[in-house]
Participant: 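Take a look at this one; I'll ask things after.
On a predicted model such as this, the values are computed, not experimentally measured, just so you know. These values consider heavy atoms only, across backbone and side chains, with no hydrogens, waters or symmetry-generated copies. A, B, ... follow the sequence lines: proteins, then strands. Residue 1 opens every chain.
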Protein chains: 2
Amino acid sequence: MRHHIVRHAGSSRSAVHLSEYASRIRTLARDVSRATVSYAFSRPDQLSDALRQRIMEVADELGYAGPNPTARSLRLGRAGALGLIFSETLAYAFADPYAVGFFQGLATAAEDAGVGLLILPLPHGDRRSETVRDAVVDAFCVMSLPDGHPALAEVFARRLPVVVVDEPYVPGHPFVGIDEPAAGAAAARHLLELGHRRLGVAMVGLHEDGHTGWSDRARQESATFEAMRARRGGYQRACEEAGLDWAGVPFYEVARNSREAGRKAGHALLGREPRPTAILTNTDVLALGVLDAAADLGLAVPADLSVVGFSDSAAEEAGLTTVRQAKQEIGEKAGRLLLSGGVAKPERLLFPHELIVRSSTAPPS
Amino acid sequence: MRHHIVRHAGSSRSAVHLSEYASRIRTLARDVSRATVSYAFSRPDQLSDALRQRIMEVADELGYAGPNPTARSLRLGRAGALGLIFSETLAYAFADPYAVGFFQGLATAAEDAGVGLLILPLPHGDRRSETVRDAVVDAFCVMSLPDGHPALAEVFARRLPVVVVDEPYVPGHPFVGIDEPAAGAAAARHLLELGHRRLGVAMVGLHEDGHTGWSDRARQESATFEAMRARRGGYQRACEEAGLDWAGVPFYEVARNSREAGRKAGHALLGREPRPTAILTNTDVLALGVLDAAADLGLAVPADLSVVGFSDSAAEEAGLTTVRQAKQEIGEKAGRLLLSGGVAKPERLLFPHELIVRSSTAPPS
DNA sequence: TTGTAAGCGTTATCAG
DNA sequence: CTGATAACGCTTACAA
């Protein structure tokens, strides 16, 4: 139980020759063999205490940092890490409550298995990513990639266990997510059953082109993010089942999942004539922004306007009606699939969703 | 630009012999040499297109996944990853807005450098951590570890570049954080200057013993988390400079940084006779909980009670007065120090803090 | 207990 | 442009 200060002081004698630290196990093996030194570190019970002691002393003296993890990894054939790939900038990912919830679950699984979580940046622009190719990991978890994103091919090329979360579903490969059409429909149906007939929709994450503005049918249906596309399909289906013409539902698309973007969408939608009595959003953050817009306009929620979010990731405080998505469980499950002996039979696991009704929705007045 | 589906289909012919994928570059080197194959992958411009093409074909046919990243790492002497060590459970870390803000900054730096961010779990219980020893990384960022935590020694033992963030400061090693005593004093002074004389304090993250309850002077001063200890010292100094006896300031300590814990602390403090007119907390989340407690008791904020948070990580929405800590910048700086050519001269970098006055503080009435 | 030797899969060097 | 050879640093039968 050496304290770092002590250790630091202890080796300060040779601190002048910083570059001369012994790095090879070989160097320690002066009057013993390489194998013995290896045992001293990795299998202490395979040699006498005295010898081990002596070896450790020499190690300290020479400034040996212990067995090189990379070499060890190579030899042992395991990396001790789980790779996580995400379509967005990492900074963006960490700002998204849903993603963070998912990370929590995944991290829990990694933690339990004693492996690290290697978060891999995916150069967003044109620059080719060597990240996936070079990642020292035992498996990959891919989250929320747009259809045909090159990183997906790169991941599969590594021939390691892979689990895809949320999107895109690749038949024959493990997948964890929710039943998007059903979840979307549940959100829409809730409003329809309350009696709303003038709906508006605000969605983020459909396309990668950074477009913010009205979205026509063609754009909606050609969204490159499968899960969001499917969720929207659920909205539409519920409307049509209720006899509502989807063509009459104003649809606003934003490029970033931020409160500000939600507010902008809210203003656009609420500026329509006739004004919608209810707005569907595909994230809680967006919904919060819509609430801001309503406040700006002096509209009372839910009296004048009903708002539904999605994911239950930032909804509780604001009393937002939303569809709960078991984000933590999804992350944890994905992790366990990857870490507990690999992915046996490719499954398409759909976690349950749940409509949570709070105070942001009510019948139209 | 092969799509994964195509590639998958393409190799399905040999999908029966899953275990027979070629894994060594050697196997591809049938009528060419190993070096040539290596070049085909890592230095495409060093050989004819035709040959490269042929090699790639053979690779595809044999199911060769490309150069083994671990072996590559070993040979090249670089891991392509930055290790991050955090004292808490990962799930807990991701739930903490300050930590997440810091992660964002660090991740941005990692992203720019094209390296991954390896988040290392630190078994919280007794179980020894092999995580640090085995991590395949080029450098370590250590965040918020309690004094003398064994992981710190393990990190230094790796003899890789290390930057410590927030705590504990190790003289002679790079450090990034804020001037805690000054920041704490600024928060307290704000209340004192408003005219408050009956203060209460709620803090989290002082000790690791899970204690929730009143905290006496001895406990306060022996806190094992240096930054929080220093921050508290700032509170005390400001009070004493204002002629307030610190012994008369009720001090409540909680074990978890949650809104619920803050509410509990709030109730404890507000139940005192005479009731404090202002409460200092060392996180925004805690402060939010104190606001909840005030609401429970029907106290108006700031009329009946002033509350100050810390970090400006969850304060804006609630109109909370707080001390802004440049969490993103801190993370980014730590990352850049580690990634841009290592850490030259050990520095102790203190980022500026800033008192942000919002609507949760006012003179006592 | 300890030592020997054969890999793990790559890339750099340096000759052709 | 290609090919042999020597590292990179470690682990682990197997033999002593």
Side-chain angles (χ1 to χ4, degrees), chain A residues 19-56 58-59 62-80 130 133-138 157-160, chain B residues 19-56 58-59 62-80 130 133-138 157-160:
Chain A
S19 54
E20 291 180 26
Y21 285 143
S23 60
R24 307 181 316 291
I25 228 176
R26 204 175 202 143
T27 314
L28 300 197
R30 220 57 205 102
D31 60 69
V32 293
S33 88
R34 252 198 331 293
T36 309
V37 179
S38 176
Y39 282 145
F41 282 94
S42 312
R43 207 150 312 174
D45 48 323
Q46 294 295 300
L47 70 172
S48 74
D49 255 24
L51 181 54
R52 203 181 83 88
Q53 204 85 180
R54 229 178 60 225
I55 292 179
M56 290 313 203
V58 176
L62 264 48
Y64 178 66
N68 176 313
T70 309
R72 206 150 192 273
S73 250
L74 175 60
R75 182 62 236 237
L76 264 33
R78 28 153 275 134
E130 271 128 46
R133 199 195 60 186
D134 293 346
V136 178
V137 298
D138 297 311
R158 287 288 304 270
R159 300 199 183 279
L160 289 175
Chain B
S19 54
E20 290 180 26
Y21 284 144
S23 61
R24 305 180 318 291
I25 225 174
R26 214 182 192 133
T27 314
L28 300 197
R30 220 54 205 107
D31 60 67
V32 294
S33 87
R34 258 208 313 302
T36 310
V37 179
S38 177
Y39 280 146
F41 282 94
S42 312
R43 207 150 312 174
D45 47 322
Q46 295 295 301
L47 70 171
S48 73
D49 254 26
L51 181 54
R52 204 183 81 88
Q53 204 85 179
R54 229 177 61 226
I55 293 178
M56 289 313 202
V58 177
L62 263 47
Y64 177 66
N68 177 315
T70 309
R72 207 151 191 273
S73 249
L74 175 60
R75 183 61 238 237
L76 263 34
R78 29 152 272 138
E130 270 128 45
R133 199 194 62 187
D134 293 346
V136 178
V137 297
D138 297 312
R158 287 287 304 270
R159 299 199 184 281
L160 289 175

Participant: Could you tell me whether B:Arg43 contacts a base, only the sugar-phosphate backbone, or nothing, with contacts defined as non-hydrogen atoms closer than 4.0 Å?
Facilitator: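 Result for B:Arg43 = sugar-phosphate.
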Participant: What's the CZ-P distance between A:Arg34 and C:dA6, to the nearest Å?
Facilitator: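 That distance rounds to 12 Å.
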Participant: Taking the side chain as every heavy atom from C-beta outward, state whether B:Val37 and B:Val58 have any atom pair closer than 4.5 Å.
Facilitator: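 No, their side chains stay 4.5 Å or more apart.
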Participant: Any side-chain heavy atom of A:Met56 sitting closer than 4.5 Å to one from A:Gln53?
Facilitator: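 No; the side chains remain at least 4.5 Å from each other.
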Participant: Compare the minimum distances between each of D:dT12, C:dT11, D:dG3 and the side chain of A:Ala35, then state the nucleotide with the smallest one.
Facilitator: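 Selected nucleotide (nearest to the side chain): D:dT12.
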Participant: Whole Å only: how far is the CG atom of B:Asn68 from the P atom of C:dG9?
Facilitator: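 B:Asn68 atom CG is separated from C:dG9 atom P by 7 Å.
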Participant: Answer whether the closest heavy-atom distance between the side chains of A:Val32 and A:Tyr39 falls below 4.5 Å.
Facilitator: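 Not touching, per the 4.5 Å side-chain cut-off.
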Participant: Ignoring backbone atoms, establish whether A:Tyr64 has a side-chain N or O less than 4.0 Å from OP1 or OP2 of D:dC10.
Facilitator: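 A:Tyr64 to D:dC10 OP1/OP2: side-chain N or O found under 4.0 Å.
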Participant: Taking any heavy-atom pair under 4.0 Å as a contact, classify A:Leu47: base, sugar-phosphate, or nothing.
Facilitator: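 Sugar-phosphate contact only - A:Leu47 comes under 4.0 Å of backbone atoms but never of a base.
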Participant: Check this one for me: any side-chain N or O of A:Ser33 less than 4.0 Å away from OP1 or OP2 of C:dT4?
Facilitator: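 No, outside the criterion.
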Participant: Would you mind reading off the distance between A:Arg78 atom CZ and C:dC8 atom P, rounded to a whole angstrom?
Facilitator: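 Nearest whole value for this atom pair: 19 Å.
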Participant: Which nucleotide wins on minimum distance to the side chain of B:Ser38, given the candidates D:dC8, C:dT11, C:dT2?
Facilitator: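 Selected nucleotide: C:dT11.
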Participant: Answer with base, sugar-phosphate or nothing: what part of the nucleic acid does A:Ile25 contact at a heavy-atom distance below 4.0 Å?
Facilitator: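 Sugar-phosphate contact only.
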Participant: Over how many whole Å does the gap from A:Arg52 atom CZ to C:dT2 atom P extend?
Facilitator: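 Atom CZ in A:Arg52 sits about 12 Å away from atom P in C:dT2.
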Participant: Do A:Arg24 and A:Tyr64 have side chains that approach each other closer than 4.5 Å (heavy atoms only, starting at C-beta)?
Facilitator: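 No; the side chains remain at least 4.5 Å from each other.
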Participant: Write down the distance between CZ (B:Arg133) and C1' (D:dT11), rounded to a whole number of angstrom.
Facilitator: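 The answer, rounded to whole Å, is 13 Å.
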Participant: Drop me the distance from B:Arg75's CZ to A:Thr70's OG1, to the nearest 0.5 angstrom.
Facilitator: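 B:Arg75 CZ to A:Thr70 OG1: 13.5 Å, rounded to 0.5 Å.
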Participant: Does the D:dA7 base have a donor-acceptor partner in the side chain of B:Arg75 within less than 3.5 Å?
Facilitator: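 By the distance-only test, yes, there is a pair.
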Participant: Is there a side-chain polar atom (N or O) of A:Thr70 under 4.0 Å from OP1 or OP2 of D:dC8?
Facilitator: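 Negative; the distance criterion is not met.
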Participant: When the distance from CZ of B:Arg159 to P of D:dG9 is rounded to whole Å, what number comes out?
Facilitator: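 About 16 Å, once rounded to whole Å.
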Participant: If you compare all heavy atoms of B:Ser73 against all heavy atoms of B:Ala79, which two are closest, and at what distance to 0.1 Å?
Facilitator: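 Closest approach of B:Ser73 to B:Ala79: OG-CA, 3.6 Å.
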Participant: Considering every strand and a 4.0 Å limit on heavy-atom distances, what is the contact class for B:Ser42: base, sugar-phosphate, or nothing?
Facilitator: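 Answer is sugar-phosphate: B:Ser42 comes under 4.0 Å of backbone atoms only.
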Participant: Tell me: CZ of B:Arg72 to P of C:dA12, nearest whole Å?
Facilitator: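 Interatomic distance, CZ of B:Arg72 to P of C:dA12: 8 Å.
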Participant: Checking contacts here: which listed nucleotide (C:dT11, D:dC8, D:dC10) is nearest the side-chain heavy atoms of B:Leu74?
Facilitator: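 Between C:dT11, D:dC8, D:dC10, the one nearest the side chain of B:Leu74 would be D:dC8.
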Participant: Do the side-chain N or O atoms of B:Tyr39 get closer than 4.0 angstrom to the phosphate oxygens (OP1, OP2) of C:dT10?
Facilitator: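 Answer no for this pair, as no side-chain N or O of B:Tyr39 is under 4.0 Å from OP1 or OP2.
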Participant: In this structure, how many angstroms lie between the P atom of D:dT11 and the CG atom of A:Leu28, rounded?
Facilitator: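 Checked: the CG to P distance equals 12 Å.
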Participant: Heavy-atom nearest nucleotide on DNA chain D for A:Arg26 versus B:Asp49: which residue maps closer to 5'?
Facilitator: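 Its nucleotide being nearer the 5' end, the pick is B:Asp49.
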